[in-house]
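Below: the structure, in structure tokens.
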Amino acid sequence: PVFVKRAKTARDNNRDLGLCRVLLAELERHQDAWPFLTPVSQKSVPGYRKVIKKPMDFSTIREKLVNSQYQNLETFIIDVNLVYDNCEKFNEDNSEIGRAGHNMRKFFEKRWTELLKQT
Ligand SMILES: Cn1cc(C(=O)NCCN)ccc1=O
């Protein structure tokens with residue numbers, strides 16, 4: 001009958017840690033990465049602390065990766081997307097930093113789907 005569950009095929013996650021390292025290295029060296037390399041200074045950026053509840057940046061993601069603080073690929077991707085979501089929340093689309101955020105998100109989406117397609 002149509003409602004019989006088919007066995008879920010688990011994807012092979014053995015290469016995911018290496019994939020996170022490759023992806024993060026590419027993000028860090030992207031020319032539009034400059035707004036995201038270090039935590040936004042909550043002292044010199046008025047309003048940031050109040051508006052952005054969960055700050056995130058590439059150096060913090062690097063630290064977490066080095067200290068094995070990511071359970072899996074999903075939790076890594078969640079943090080990377082947090083960088084871009086914070087950026088969209090705080091910056092006009094039509095601004096230097098706003099555009100950099102959109103570019104970086106587009107690049108990340110493209111790269112992780114390409115890398116996940118590799119056997
Ligand atoms: C992502 N983001 C970065 C900044 C910033 O000033 N970054 C330091 C650049 N040297 C300000 C607001 C913001 O949302």
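Whatever order the structure lists them in is the order used to number ligands and atoms, beginning at 1.
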Can you confirm whether Asp12 is buried at CG, in the sense that more than 12 heavy atoms of other residues, nucleotides or ligands lie under 6.0 Å from that atom?
yes
Indicate whether atom 10 (N) of ligand 1 is within a distance of less than 4.0 angstrom of some protein heavy atom.
no
If you count the atoms of ligand 1 from 1 in the order shown, which ones are under 4.0 Å from a heavy atom of Tyr48?
14 (O)
Protein heavy atom under 4.0 angstrom of atom 4 (C) of ligand 1, is there one?
yes
Where is the nearest protein heavy atom to atom 8 (C) of ligand 1: which residue, which atom, and how far?
Pro35 O, 4.6 Å
Atoms of ligand 1 under 4.0 Å from any heavy atom of Asn91, numbered from 1 in the order shown, are 13 (C), 14 (O)
CD/Glu63 to CG/Leu65 distance, rounded to the nearest 0.5 angstrom?
10.0 Å
Mind running salt bridge (charged side-chain N to carboxylate O under 4.0 Å, His left out) on Arg111 and Glu114 for me, showing each step along the way?
CA-CA 5 Å; Arg111 284 302 289 143; Glu114 281 168 355; 2.6 Å; yes
Please could you name the atoms of ligand 1 that Phe36 approaches to less than 4.0 Å, counting only its heavy atoms?
1 (C)
Hey, is Lys54 close enough to Asp85 for a salt bridge, meaning N to O under 4.0 Å?
no
If I apply the N/O under 3.5 Å rule, does Trp34 come out as touching ligand 1?
no
Salt-bridged, Lys106 to Glu109, with N to O below 4.0 Å?
no
Specify side chain, backbone, both or neither for Ile97, according to which of its non-hydrogen atoms lie closer than 4.0 Å to ligand 1.
side chain
Heavy atoms, side chains only, cut-off 4.5 Å: are Leu73 and Asn13 in contact?
no
Atom 2 (N) of ligand 1 has as its nearest protein heavy atom Val40 CG2, 3.5 Å
Please report the C-alpha distance between Ile97 and Phe90 in whole Å, then the side-chain angles of each, then the deciding distance to 0.1 Å, and finally whether the side-chain contact (heavy atoms from CB on, under 4.5 Å) criterion is met.
CA-CA 9 Å; Ile97 292 178; Phe90 197 78; over 6 Å; no
